[in-house]
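Worksheet for the structure shown next.
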Amino acid sequence: MGKLCDIKLSVGDLAVSLKGHDTGRLYVVIAEISADFVLVCDGDKRLVDNPKQKRRKHLKYLTHVDANDNISIKKAVEEQNAKRR
Amino acid sequence: MITIKSDEELELMRISGAIVGKALRECEPYVKPGVTTLELNSIIEEIILSEGAIPSFKGYGGFPAATCISVDDVVVHGFPSLKVLKEGEIVSIDVGAYKNGFHGDAARTFAVGEVSPGKRKLIEVTKQSFFEGLKFVKAGARLGDVSHAIQAYAESYNYGVVREMVGHGIGRKLHEDPSIPNYGKAGSGISLRKGMALAIEPMITYGDYRVVIDEDGWTCRTRDHSPSAHYENTVIITSNGVEILTL
């Protein structure tokens, strides 16, 4: 049985925050800025022109979505949120 | 923590490994069009129980079945279901058995009836990539050499090497350290030592190497839905080199 290792986040991945005041919040990765950091936004509080910088290890990969603008990101996050409830 | 097994412990691992090998050999004739993956699961579970062992996967982290049965674009961790196998599909069967306190773990990809030449080649290359990696498994070698050999061989055929799923150490626990990626730099990683037991498992895709996990939290499939193959054996490092326990 294969062991799941940490998934390297890439642009378009939907992830949940594991650490910080935003723990549990869902984000979509919009840019990879270094080996440790990515830029994320949720299309609501955090918009594409004002993304949040998060450490990769403070995010857990959930799924991949094709979302790159505020509206589609917000929709993807809301859909995922609905599934999680 | 990487555990080094004594000769007595390795002897017990040989027993678990042999049961897994037997289960996989004996289920192969049943892999044909019209059979459901749940039936294959039952056949394998019966073989494991008849040998006085317990299926390692059942209940592991909440996994519901005795085997992982992954069809076509499912890379690993597919649930056995009422899905009927169709001619032309490829099915990966991953089996684990626990006896005398030790686990054995192995996987094979089988063709269902006649499959396309592309799928057949994928199965062959996946199997061969395991043996390419195995050439570097010996006391004193580095783990990165094994990973690099698997990656170099698979990528020479333009196949993708799954990054998110890795091989693992095995023994009293199903997943022990070290993690064994199927990609990496030669000369890097830990040094291998006599007494280590490893489950080396190349997971190779026909297209993009990226994968997604389904909402069940287990089923891992290729992002572009290209077929993928899996070949795994439990091996131990001895003073004479390497020994495969699950053939």
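By convention in this document, chain letters (A, B, ...) are assigned in the order of the sequence lines, proteins followed by strands, and residues within each chain are numbered from 1.
Chosen from Thr67(B), Val95(B), Val76(B), Asp105(B), the residue pairing most often with chain A at heavy-atom distances under 4.5 Å is Asp105(B).
Taking a cutoff of 4.0 Å between a charged side-chain nitrogen and a carboxylate oxygen, Arg223(B) and Asp13(A) qualify as a salt bridge.
For CD1 of Ile33(A), the number of neighbouring non-hydrogen atoms (other residues, nucleotides, ligands) closer than 6.0 Å is greater than 12. Around the CG atom of Asn50(A), the shell of radius 6.0 Å holds more than 12 heavy atoms that belong to other residues, nucleotides or ligands. Counting non-hydrogen atoms of neighbouring residues, nucleotides and ligands closer than 6.0 angstrom, the CZ atom of Phe102(B) exceeds 12 such neighbours.
Taking Asp224(B) as the reference, nothing meets the salt bridge (charged side-chain N to carboxylate O under 4.0 Å, His left out) condition, with sequence neighbours excluded.
Nearest heavy atom pair, residue Tyr61(A) against residue Val211(B), reads OH-O, 3.6 Å.
In this structure, Met1(A) CE and His77(B) NE2 are separated by 4.5 Å, a value rounded to the nearest 0.5 Å.
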